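Just so you know, these numbers use all the heavy atoms, side chains as well, and skip hydrogens, waters and symmetry mates. One is the number of the first residue; the rest follow in order along the sequence. Both counts, for ligands and for their atoms, begin at 1 and track the order of listing. Keep in mind the model is a prediction, meaning the values are calculated, not measured.
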Amino acid sequence: MHDCSPRAIVEVDVDAIAHNLHLARQAAPGCRIIAVVKANAYGHGLEQVVRRLDAEQPAFFGVANAAEARQVQATGCSARPFLLGPNPPTERAEIAASGWGFTISSIEEADHFASLAADAQRVLPVHLAVDTGMGREGFLPTELGEVLAHLQGLPSLRVDGVMSHMPVADEDEVFSHAQVELFEQCVREVSMHAQPRYVHLAASAGILRYKVPCANTVRPGLMLYGIAPVHCTWEKQLRPALRLRAAVTLVRSLPTGHGVSYGRCFVTPHSLRVATIGIGYADGWRRHLSGRGVHALIHGQLCPLLGRVTMDQIMADVSAVPGVQSGDMAELIGPSLSVEELAMQAGTIPWDILTGLGPRLPRVSCSMGGFSRCAAV
Ligand SMILES: *Cc1c(COP(=O)(O)O)cnc(C)c1O
């Protein structure tokens, strides 16, 4: 018999994600949810997250492209995929034929989707994206009149939603309040010509910080995974859902003055017990975490990581932890090693750390009781 335990693994508490979705509902009372599961559900494993969240009846699952929409659909869930951004011509025929939710930001997209729908003798529901400040997608508010007039001539499209996106919900209240007002004006203008069923502006930071009275739908991403992008009253109730662990592969004593890893940036100041751990930047353990005072948790104790992160391996000082041996698991992200802290140490943001976790790491779901159930892995 071979022992197939993976060398490094991502364990996900899918019930924590469902709990966080309930918090999004409390923070945005009465709103429908577009549960954002793009980028492999922020590294948590798209399939297992969709399967669990579908029971909570979101309106849509938010994705980045047609391939992700297909992955969502393949789970057999009842909520439909929703493409969050603009779509290139190559993906539009599939989107139009599949009944996925999508946005339009230009007359060109409107005309293309209208002709695809007309060819299939269907009426396609579309969400009008409005650019109220993000500068990434959407019609400008000043273009709305012209766009709505143009849509009158495209009977194969029906305006089913109005949406926009907030660029500084986490840092600029003055701008964001003005943006909420501008969005409200846009929604009023659209509503004179159409009956959009879905009106949505807020992602996680917007949900946690702002009231958008005209909206009836929200698009939580990061907060579903238990991380608050802003300080807020809900912060303490969010439950982080991911644990990253990797196996110690070797433990040795190194003498004084011995370099550890490429560049010899760390040289032992005295003799040390050094553990080699089977994870590296090819797994998404960022090279920017080298020499930043990051720790691994081994036998319940924080052990400083030493020297540069290599492609498949990192090293930790285990001098203070007796009995560490090859095969022991080291925790790198978990209840006492937060993604926020790591992001800060790597000079980046939590989204980047989570979505960077690579395909080499298996995703295992542990529901009912959280991580303790995964302890055997
Ligand atoms: C990714 C994305 C979201 C989710 O953002 P979070 O900050 O992770 O909550 C919401 N809306 C759009 C349009 C997105 O692209």
Side-chain angles (χ1 to χ4, degrees), residues 17 20-28 31-44 46 49-50 53 58-69 72 79 81-87 95 100-105 109 126-139 161-172 176 179-180 183 186 198-210 212 215-232 234-235 238-242 339-340 343 348-357:
I17 301 175
N20 297 330
L21 187 144
H22 286 284
L23 287 184
R25 285 210 159 109
Q26 285 177 43
C31 280
R32 284 184 278 192
I33 304 274
I34 298 177
V36 179
V37 297
K38 62 189 174 187
N40 200 21
Y42 290 49
H44 292 62
L46 180 139
V49 172
V50 166
L53 291 189
F60 294 99
F61 285 111
V63 296
N65 57 39
E68 290 182 352
V72 167
F82 180 87
L83 290 124
L84 291 158
N87 303 289
I95 291 166
W100 300 333
F102 65 95
T103 64
I104 52 171
S105 296
E109 290 163 279
V126 304
H127 292 231
L128 284 188
V130 188
D131 185 354
T132 54
M134 178 67 186
R136 187 174 66 176
E137 68 256 301
F139 296 100
V162 192
M163 64 90 71
S164 193
H165 195 54
M166 303 175 78
V168 283
D170 53 350
E171 48 190 346
D172 186 337
S176 297
Q179 197 187 6
V180 170
F183 181 62
C186 296
Y198 300 96
V199 177
H200 44 114
L201 174 64
S204 297
I207 295 167
L208 297 168
R209 274 275 175 88
Y210 296 94
V212 188
N216 62 13
T217 305
V218 290
R219 303 186 304 265
L222 191 69
M223 73 170 292
L224 290 182
Y225 307 99
I227 297 161
V230 288
H231 291 297
C232 60
W234 306 96
E235 203 174 344
L238 287 168
R239 273 164 55 188
L242 182 144
V339 174
E340 289 100 313
T348 186
I349 53 175
W351 293 263
D352 188 30
I353 295 285
L354 288 174
T355 61
L357 295 173

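- Each of the atoms 1 (C), 4 (C), 5 (O), 6 (P), 8 (O) of ligand 1 lies under 4.0 Å from some heavy atom of Tyr42.
- The nearest pair of heavy atoms linking Thr132 to Leu201 is OG1-CD1, 4.4 Å.
- Under 4.0 angstrom from ligand 1, the non-hydrogen atoms of Arg136 all belong to its side chain.
- Val37 is listed as a side-chain neighbour of Tyr225, based on a closest heavy-atom distance under 4.5 Å.
- Residue-level proximity to ligand 1 for Arg219 is carried by backbone and side chain together, each with a heavy atom below 4.0 angstrom.
- With Asn20 as the fixed residue, the side chain to side chain contact (heavy atoms under 4.5 Å, CB included) test singles out one of Met223, Arg239, Arg25: Arg239.
- Counting only heavy atoms of the protein, atom 7 (O) of ligand 1 lies nearest to Trp351 NE1, 3.3 Å.
- Some N or O of Gly221 is nearer than 3.5 Å to an N or O of ligand 1, by distance alone.
- Between Ile104 and Phe139, some side-chain heavy-atom pair lies under the 4.5 Å cut-off.
- Nearest heavy-atom pair, Val36 versus Gly221, reported as atom, atom and distance to 0.1 Å: CB-CA, 3.8 Å.
- For ligand 1 and Lys38, the ligand atoms under 4.0 Å from any heavy atom of the residue are 1 (C), 2 (C), 3 (C), 14 (C), 15 (O).
- Of all protein heavy atoms, the one closest to atom 9 (O) of ligand 1 is Ser204 OG, 2.5 Å.
- Near Leu222, meaning under 4.0 Å from any of its heavy atoms, are these atoms of ligand 1: 6 (P), 8 (O), 9 (O).
- You'll find the side chain of Leu224 reaches within 4.5 Å of the side chain of Leu53, heavy atoms only.
- No hydrogens or angles considered: nothing links the side chains of His200 and Arg32 as a donor-acceptor pair under 3.5 Å.
- When non-hydrogen atoms are compared, ligand 1 lies under 4.0 Å from neither the backbone nor the side chain of Met223.
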